[in-house]
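Please find one structure pasted underneath; my questions will follow.
The first residue in the sequence is number 1, and the count goes up from there.
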Amino acid sequence: MFPVEDRKKEKNSKFLSRLKSKREKPHSRPQLSERHSELVDTIRAQMQISEAMDACIRRNMVQLTARRTCGQIDLPQISLELLIGIFRSDFPNEKSYIQWKSRQVNILEELLYFSAELPETERVIIKSCLAKIRDTKEWDVAMSPAQRVEIISSIRQVASKAFFQQGKFGLQNETYYWQAAYHLNIRLYEKLLNGVFDILDEGQLIEEADAILSLIKLTWSTLGITDKLHDALYGWALVQQFVDTAEGTLLEHAVLQLQRVVSTKEDDCNEGQYMNSITCLKERNGSQKKLNLVQSIFLSIGTWCDSKLQDYHLHFSEKPVHFKKVVALASTIGMLSSADCADKVIVNASREKIKRYVERSVEAAIGRVAITVLESKERTHPLALLANQLRLIADRELKIFFPVLRQWSPESMMISVQKLHQFFGERLIPFLKGVSSLSEDARSVLPAAYALDNELGQLYTSSLEEQKVQHSPRPYLDHYQIEKVSGPLIIDWVIGQHTHILEWTRRALELEDWEPLSFHQRQAASIVEVFRILEETVDQLFGMNLPLDITHLQALLSIVFHSLDAYLQRVLNQLVEKNHLYPSAPPLTRYTETAIPLIKKRLNEYKILDDIMIDRLNELTIPKLCIRLNTLQYIQKQVGVLEDDIRNSWAAVRPSPNQTQAEEEPVEILESDSLTHNETVDELFGTTFNIIGDTAKDIGQKTCDLIGTRVVFWDLRDAFLFHLYRGNVESTRLENFLPDFDTVLDNVCGVIDDAVRDVVVLSIYKASLEGFVWVLLDGGPCRAFSDSDIILMEEDLLTIKEFFIADGEGLPESLVEQEAKFAERILHMFSLQTETVIQMLMTASELISMGLDSDKQGHTNLGDAHTLIRVLCHKKDREASKFLKVQYQLPMSSDYNDTPLVDSTSRLPRMSEVLKRSTSIRWNKKRQSSFKSMKKKIQGATNEIRNVGR
């Protein structure tokens with residue numbers, strides 16, 4: 001034999017390479033003798049025997065066979081032949097030779113001196129001869145070959161007497177040594193069986209395992225092996241190899257072999273006696289007991305299985321697949337009864353054994369976890385660590401062990417749950433009594449305890465269902481009542497968060513400069529911060545992993561509502577009413593051409609605003625208003641995301657109905673309660689987020705309107721509003737001001753979000769139309785329009801419509817046309833005959849005197865007196881001027897300078913005064929006829945004045 005050190009080096013020897021090359025030739029089919037030789041060669045390699053030693057053994061065995069005339073060869077003959085035919089020179093070193101020789105001497109000593117029933121004189125001879133062989137100097141140096149042959153012959157004579165002794169049990173091929181030296185035979189056979197395990201991977205069987213097992217069957221008659229002994233020894237070898245390598249397939253093979261042992265029936269009573277004669281001493285319960293070999297193997301395997309199953313959490317947690325195989329092994333050898341066993345006593349015994357395994361294993365696992373937690377250096381509270389570790393134990397029990405153990409003990413899961421729940425509860429209750437706030441310890445312990453309680457409760461319930469406990473009172477776990485402790489604490493925490501978030505929202509708005517967050521994120525930074533802290537609050541609340549009820553949900557939604565509502569109200573309060581941006585109402589004058597007074601009065605076309613309003617307007621520039629609008633749009637979009645997030649989180653933690661109530665109450669009541677609960681939740685969500693969305697939408701619309709109004713009536717007031725059609729129409733056409741609008745729209749589209757771009761452009765368009773109408777009706781003394789001017793202005797109105805349509809890339813044409821209808825009607829009124837307009841004014845004034853004025857909201861309407869008077873004031877028509885002079889005593893437009901002055905102090909008639917005059921006159925048919933005659937007199941007087949002037 002090679003030394004152990006050399007054996008590792010020989011794992012990739014040329015022999016194994018040659019053997020591998022032979023295995024890779026599936027198409028070659030050697031003759032039977034060649035196959036036999038290959039198997040023997042494989043056994044030699046598996047047993048680490050060198051080729052030189054194999055050659056020596058083969059040579060001596062051939063010689064022994066040649067000399068043998070009858071009978072079979074026994075073990076003493078083999079050892080004696082090898083001792084006489086193998087020498088020191090056949091070994092690579094002296095140490096190997098001495099080891100080999102000592103082994104042969106030990107075999108002979110065991111067979112002839114200790115086992116054989118020989119007379120004392122022959123025993124003395126054997127002892128003396130073996131001592132000489134064992135002595136290296138005497139045997140290998142001092143003795144001549146003849147002397148060595150003489151000693152071997154002396155031993156052979158004694159061995160021949162034992163050889164001819166009859167076996168005790170009369171079995172076929174039985175020899176004396178079957179029973180006398182069974183312990184040596186068994187060891188030798190075990191050594192042969194171990195040759196089926198791959199020396200390169202000891203957890204695997206070699207490919208030739210079945211063929212080798214068939215080959216070594218030839219040794220049965222020499223070693224006294226029977227079918228049952230082979231199955232028992234091979235199964236035992238497989239179990240031992242599994243213990244050493246932890247390769248699960250070996251255990252599967254072992255179970256199959258041992259099942260054959262159990263199922264084998266001994267028809268021959270002599271064989272049974274022989275099997276019982278192969279005995280072993282086993283210590284059991286403090287005393288030694290003699291067992292036959294099969295019983296001894298089963299006892300050894302059972303002891304090993306029992307040691308593993310007593311703490312299966314320790315031995316099988318890392319490799320759970322082995323657990324089922326070990327239980328199957330225990331069942332095979334009779335430790336556990338089969339599921340279909342009719343003997344109730346045996347079944348109950350197996351059930352009790354499983355219960356003990358569960359109790360002891362869980363207790364051991366709990367003990368290890370407790371020690372680990374105590375020794376842990378983590379900052380997490382020990383109770384939280386303990387709860388998490390106990391959950392892992394319960395999870396392993398459910399997924400790995402219970403599916404196997406339920407066959408013998410359906411209540412095993414319930415036993416483990418009770419152990420775990422009781423152990424943790426005894427340590428949790430004192431902690432709960434001291435909890436007064438959601439401290440760091442409470443936040444770690446309470447969720448862990450709640451999760452453990454839930455999981456154990458579910459496992460306990462499923463275990464009861466597994467046992468089909470229906471009619472008898474069903475016991476329940478005494479839950480830890482975490483919700484009673486955590487509920488008020490969560491409410492206190494939410495209230496604290498409410499105050500904190502409101503303050504944070506206020507500070508964020510105070511620091512807001514209304515600049516876009518980035519090129520792609522055009523909303524304000526403050527709203528992103530507000531949503532961030534709201535989302536963090538949501539995550540923190542649901543991330544506590546504590547029981548929540550609808551009160552907690554309501555408190556959370558209250559935070560969301562008040563935080564966003566406070567933000568929106570602050571944004572709203574920072575806006576100004578667009579009415580402040582409109583110019584002051586101009587004086588009502590009548591058109592004149594020739595009168596040239598020495599001193600002209602100044603117009604006051606500006607509205608005087610206080611410093612606070614001016615400061616606010618300076619802050620509300622168009623870019624900042626656009627960012628505000630982007631922010632409001634972001635709120636409308638983000639509240640939907642936040643709502644979905646809260647809904648999903650709530651659905652995940654929604655408390656399930658109490659199990660006890662679920663059994664006692666009818667199903668219909670539970671469904672009704674559930675429906676009511678869902679409706680309440682939906683109402684909470686709807687109320688909160690719909691109001692926020694609607695508010696943001698309303699403020700957004702107001703902001704959008706303010707953008708359009710500011711562009712036209714504030715930013716472009718001097719460039720557009722006060723110069724359009726001033727003096728005359730032809731020289732101040734609308735197209736001259738379109739570049740200003742184009743610049744504004746470019747700037748707006750550069751900062752506005754795409755989602756509200758069209759809405760803002762529409763607002764500017766509507767404001768431009770409003771400004772156009774303002775020029776027509778409130779343009780002041782400097783503007784008067786003839787019939788030819790109306791044609792030009794109609795063209796200008798078409799121009800502005802085409803500008804905002806932008807060849808299909810701007811606003812929809814239908815929308816543009818719809819919004820322009822009022823301006824078109826106003827222009828149409830200028831094209832009407834003066835008498836027609838005056839008649840319409842008379843009708844409107846009559847309605848005013850009767851209290852039936854249609855303009856009760858202050859808006860401009862086509863047929864109201866406000867609009868009609870302004871049309872007459874701006875008509876370049878003598879008849880209109882005379883009517884206004886006679887009826888309303890309006891001053892001439894030529895009395896006023898067309899250059900506006902902010903601090904004008906002129907006292908001009910306002911629309912309210914004019915309407916008062918109008919309502920004092922009753923327009924009837926008689927009055928209308930007298931009005932015509934008055935008109936003629938006025939014309940005549942005017943002619944006289946002109947003639948005098950000449």
Problem set entry | Gln172, CD atom: more than 12 neighbouring heavy atoms under 6.0 Å |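 Open: at most 12 neighbouring heavy atoms sit under 6.0 Å from CD of Gln172.
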
For this session: Output yes when Lys325 and Glu252 qualify as a salt bridge under the 4.0 Å nitrogen-oxygen rule, no when they do not.
Result: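 A salt bridge links Lys325 with Glu252.
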
Problem set entry | Heavy-atom donor-acceptor pair, Arg360 side chain to Gln310 backbone, under 3.5 Å |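 No; judged by distance alone, with no hydrogens or angles, the pair does not exist.
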
Exercise. Would you say Asp74 and Thr222 make side-chain contact, with heavy atoms under 4.5 Å?
Worked result: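 No, too far: nothing below the 4.5 Å cut-off.
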
Problem set entry | Interatomic distance, Lys324 atom NZ to Gln407 atom CD [nearest 0.5 angstrom] |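 The distance works out to 9.0 Å.
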
For this session: Compare every heavy atom of Leu336 with every heavy atom of Trp408, then report the nearest pair and how far apart it is.
Result: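 Residues Trp408 and Leu336, closest heavy atoms: NE1-CB, 3.7 Å.
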
Exercise. Can you check side-chain contact (heavy atoms from CB on, under 4.5 Å) on Leu459 and Leu398, steps first, answer last?
Worked result: CA-CA 8 Å; Leu459 295 179; Leu398 173 67; 3.3 Å; yes

Problem set entry | Shortest non-hydrogen contact between Gly85 and Asn60, atoms and distance |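 Minimum heavy-atom contact is CA-OD1, 3.0 Å.
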
Problem set entry | Residue pair Thr279 / Leu291, side-chain heavy-atom distance below 4.5 Å |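 In short, these two side chains do not touch, never coming nearer than 4.5 Å.
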
For this session: Please determine which of Gln204, Gln241, His253, Glu202 meets the side chain to side chain contact (heavy atoms under 4.5 Å, CB included) test together with Glu247.
Result: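 One option only clears the test, and that one is Gln204.
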
Problem set entry | Under 3.5 Å: donor-acceptor pair, side chain of Thr332, backbone of Ala328 |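 The answer is yes, because a donor-acceptor pair under 3.5 Å joins these two groups.
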
Problem set entry | Candidate list Phe401, Phe316, Phe242, Tyr312, test ring pair (Phe, Tyr, Trp, His ring centres under 6.0 Å), partner His322, passing option |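 Answer to the ring pair (Phe, Tyr, Trp, His ring centres under 6.0 Å) test with His322 among Phe401, Phe316, Phe242, Tyr312: Phe242.
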
Exercise. Are any of the side-chain nitrogens in Asp54 or Arg58 under 4.0 Å away from the carboxylate oxygens of its partner?
Worked result: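 Arg58 and Asp54: salt-bridged.
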
For this session: Can you measure from CD (Gln46) to CG (Asn194) and round to the nearest 0.5 angstrom?
Result: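 Here the rounded value is 10.0 Å.
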
Exercise. Arg148 side chain to Trp139 main-chain N or O, any donor-acceptor pair under 3.5 Å?
Worked result: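 Checked: pair present.
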
Problem set entry | Heavy-atom neighbours of Glu94 CD exceed 12 at 6.0 Å |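 Atom CD in Glu94 is not packed in, count stays at 12 or less.
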
For this session: Decide side-chain contact (heavy atoms from CB on, under 4.5 Å) for Glu397 and Leu420; before the verdict, give the C-alpha distance in whole Å, the side-chain angles of both, and the deciding distance to 0.1 Å.
Result: CA-CA 11 Å; Glu397 189 73 27; Leu420 295 169; 6.0 Å; no

Exercise. Are any non-hydrogen side-chain atoms of Ile225 and Leu233 less than 4.5 angstrom apart?
Worked result: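 Sidechains of Leu233 and Ile225: in contact.
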
Exercise. Any side-chain heavy-atom pair from Leu215 and Val40 closer than 4.5 angstrom?
Worked result: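 Answer yes - side chains close enough.
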
For this session: Return yes if a side-chain donor-acceptor contact under 3.5 Å exists between Asn93 and Ser96, otherwise no.
Result: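 Yes, a side-chain donor-acceptor pair sits under 3.5 Å.
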
For this session: Quick one: closest heavy-atom pair of Ile400 and Val404, and the distance?
Result: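 Closest pair (atom of Ile400, atom of Val404, distance): O-CG2, 3.8 Å.
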
Problem set entry | Salt bridge present between Arg187 and Glu190 (N-O < 4.0 angstrom) |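 Salt bridge: yes.
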
For this session: Output, in order, the C-alpha distance, side-chain angles, deciding distance and verdict of salt bridge (charged side-chain N to carboxylate O under 4.0 Å, His left out) for Arg260 and Asp231.
Result: CA-CA 7 Å; Arg260 293 176 60 181; Asp231 293 334; 3.8 Å; yes

For this session: Could you walk me through whether Tyr177 and Leu112 pass the side-chain contact (heavy atoms from CB on, under 4.5 Å) test, one step at a time?
Result: CA-CA 10 Å; Tyr177 292 107; Leu112 302 176; 3.3 Å; yes

Problem set entry | More than 12 heavy atoms from other groups under 6.0 Å of NZ on Lys353 |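 Enclosed.
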
For this session: Using a strict cut-off of less than 4.0 Å between a Lys/Arg side-chain nitrogen and an Asp/Glu carboxylate oxygen, indicate whether Asp306 and Arg356 qualify as a salt bridge.
Result: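 Arg356 and Asp306: not salt-bridged.
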
Problem set entry | Short side-chain to backbone donor-acceptor contact, Tyr189 and Tyr234, under 3.5 Å |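 The answer is no, because no donor-acceptor pair under 3.5 Å joins these two groups.
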
Exercise. Is there side-chain contact between Met275 and Leu293, with heavy atoms separated by less than 4.5 Å?
Worked result: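 Side-chain contact under 4.5 Å: no.
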
Exercise. Any sub-3.5 Å donor-acceptor pair from Ser277's side-chain atoms to Tyr274's backbone N or O?
Worked result: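 At least one qualifying donor-acceptor pair exists.
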
Exercise. Can a donor-acceptor pair be found between the side chains of Glu110 and His183 at a distance below 3.5 Å?
Worked result: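 Result is yes, a qualifying pair exists.
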
Problem set entry | Nearest heavy-atom neighbours spanning Ala254 and Val239 |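 It is CB-CG2, 3.7 Å.
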
Problem set entry | Heavy-atom donor-acceptor pair, Asp41 side chain to Ser37 backbone, under 3.5 Å |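 The answer is no, because no donor-acceptor pair under 3.5 Å joins these two groups.
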
Exercise. Between Glu352 and Lys355, is a salt bridge (charged side-chain N to carboxylate O under 4.0 Å, His left out) present by the stated rule, with each step listed?
Worked result: CA-CA 5 Å; Glu352 292 301 319; Lys355 287 182 180 179; 3.6 Å; yes

Problem set entry | Derivation of the salt bridge (charged side-chain N to carboxylate O under 4.0 Å, His left out) call for Lys132 and Asp135 | CA-CA 5 Å; Lys132 291 177 182 180; Asp135 189 337; over 6 Å; no

Exercise. Of the non-hydrogen atoms in Ala237 and Phe197, which two are nearest, and what is the gap between them?
Worked result: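 That closest heavy-atom pairing would be O-CZ, 3.9 Å.
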
For this session: Please round to the nearest 0.5 Å and tell me the distance separating atom CD1 of Ile278 and atom CD of Gln295.
Result: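 Nearest 0.5 Å value for the CD1-CD distance: 12.0 Å.
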
Problem set entry | Verdict with reasoning, Ile133 to Ile155, per side-chain contact (heavy atoms from CB on, under 4.5 Å) | CA-CA 11 Å; Ile133 298 173; Ile155 298 175; 3.8 Å; yes

Exercise. Judged by modelled atom types alone, do Ser300 and Lys282 share a side-chain donor-acceptor pair under 3.5 Å?
Worked result: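 There is such a pair between these side chains.
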
Exercise. Are the side chain of Ser409 and the backbone of Leu405 linked by a donor-acceptor contact shorter than 3.5 Å?
Worked result: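 Absent.
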
For this session: Indicate yes or no: at least one non-hydrogen side-chain atom of Ile415 is less than 4.5 angstrom from one of Tyr357.
Result: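 Side-chain contact under 4.5 Å: no.
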
For this session: First locate atom OG1 of Thr65, then atom CD of Gln77, and finally report the distance between them rounded to the nearest 0.5 Å.
Result: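 Going from the OG1 atom of Thr65 to the CD atom of Gln77 covers 10.0 Å.
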
Exercise. Do Ser128 side-chain atoms and Ile125 backbone N/O form a donor-acceptor pair below 3.5 Å?
Worked result: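 Side chain of Ser128 to backbone of Ile125, a donor-acceptor pair under 3.5 Å: no, none is there.
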
Exercise. Out of curiosity, Glu363 CD to His313 NE2, how far, rounded to the nearest 0.5 Å?
Worked result: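 Going from CD on Glu363 over to NE2 on His313, the span is 11.0 Å.
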
Exercise. Are the side chain of Thr303 and the backbone N or O of Leu299 linked by a donor-acceptor pair below 3.5 Å?
Worked result: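 Flag set: sc Thr303 to bb Leu299 pair under 3.5 Å.
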
For this session: Check whether any side-chain N or O of Trp100 sits under 3.5 Å from a backbone N or O of Lys95 as a donor-acceptor pair, and report yes or no.
Result: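 Not at all, since once roles are kept as given, no pair shorter than 3.5 Å links the two residues.
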
For this session: Go through the side-chain N and O atoms of Gln104 and Ser79 and say whether any donor and acceptor fall under 3.5 Å apart.
Result: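 There is such a pair (donor and acceptor under 3.5 Å, judged by atom type) between the side chains of Gln104 and Ser79.
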
Exercise. Does Arg406 pair with Glu411 as a salt bridge, N-O distance under 4.0 Å?
Worked result: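 Salt bridge flag = no for Glu411 with Arg406.
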
For this session: Salt-bridge test for Lys127 and Glu109: reply yes if a basic N is under 4.0 Å from a carboxylate O, no otherwise.
Result: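 Here Lys127 does not pair with Glu109 in a salt bridge, since their nearest N and O are not under 4.0 Å apart.
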
Exercise. Would Ser317 and Arg396 count as having a side-chain donor-acceptor pair, cut-off 3.5 Å?
Worked result: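 The criterion, which ignores hydrogens and geometry beyond distance, is satisfied for Arg396 and Ser317.
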
Problem set entry | 4.5 Å side-chain heavy-atom contact, Asn173 and Trp220 |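 Not in contact.
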
Problem set entry | Closest non-hydrogen atom pair between Leu329 and Trp304, with its separation |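 Taking Leu329 first and Trp304 second, the nearest heavy atoms are CD2-CZ3, 4.3 Å.
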
Exercise. Are any non-hydrogen side-chain atoms of Leu205 and Asp198 less than 4.5 angstrom apart?
Worked result: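 Side chain of Leu205 against side chain of Asp198, heavy atoms only: no contact under 4.5 Å found.
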
Exercise. Is the closest side-chain donor-acceptor distance between Tyr97 and Asp140 under 3.5 Å?
Worked result: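 A donor-acceptor contact under 3.5 Å links the two side chains.
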
